[in-house]
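Input: a single structure, listed below in structure tokens.
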Amino acid sequence: MRRVISQIVFGFHWLLNAVAFIIELVFCIPVLGRAAKWLWNLVLLLPGIISLIVDFILNLAGIQLEKKMRVGVIVLNAPDVGRVAQPAEIIQGLTFAERVFAEQANVKMVTIVETATIAPGNTAPWLRYESHPSPPAILNVHCNLSAVLEDLWLAGGHFEYFMATRWFASNFRRVFGLGSPLIVFVVRGIENFGGCSLGPLSDYVTIVPNSLICIAHELGHACNLPHTEDPRNLLHHARCDQPQLTRWQVAVLRASRHVSYF
Ligand SMILES: [Zn+2]
């Protein structure tokens, strides 16, 4: 009987993810699909207001419950050198992010594959190396307005397709904003920058191999945090190796669609 129930639950999950996968394929279409994804992601900001209120009330009672942030990493492949980064460097960047979010915001960073942990030797399920040369549109990218335009055009479609196909079982969470996983794309180059995020518009951040310590900073942007002027702050505009977050930053981060109780 228990086996039948678990098969029904599995089938139900598969069906939800299949529906979400089809929606994701629509979001891969340049311009119209990408614009629809932006609009949808902006709508998904609204439930965050409820989350803010719940957190605020609990904080008044001196309670801050642990929340989770799911992450996965895709390392792109360059035709001349193959994979553009190595596991040890990536884990170092993620370990810093894991520590900052846990200590500052009581947010536990977990992998997109829930049975795995962020640790050397346990990388296979959540750290994907592209085995074939990656499309030029995502191998070398830009930041700021150029990144917005790229997301609307070919790069955005490619990033969305990679996220939807590499971890099929995360599509429901991604589309419906229930702890949407954040995907770190390790790209070959970002003109004039070490990392980039489109904030609430996308579910991914980009990072270059020699700036992997900036993963935490970019994930902060993806969870709706803007830059600050405080040089000790994680979101300082010119550096990204500092561990501090203010109380309002913690509140905003915890209200993001990428951060959930379960
Ligand atoms: Zn920044």
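Because only heavy atoms are used, hydrogens play no part in the values below, and waters and symmetry mates are left out as well, while side chains stay in. Numbering of ligands and ligand atoms starts at 1, following listing order. Residues: numbered from 1 along the sequence shown.
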Whether H217 has an N, O or S atom under 2.8 Å from the Zn ion (ligand 1): yes

Over 12 non-hydrogen atoms of neighbours within 6.0 angstrom of CZ in F56: no

Heteroatom test (N, O or S) for H227 near the Zn ion (ligand 1), limit 2.8 Å: yes

Residue list, ring pair (Phe, Tyr, Trp, His ring centres under 6.0 Å) with F96, at least two apart or on another chain: none

Metal check, the Zn ion (ligand 1) vs H221 N/O/S, cut-off below 2.8 Å: yes

E160/R34 ion pair, N-O < 4.0 Å: yes

Side-chain ion pair, D151 and K37, N-O less than 4.0 Å: no

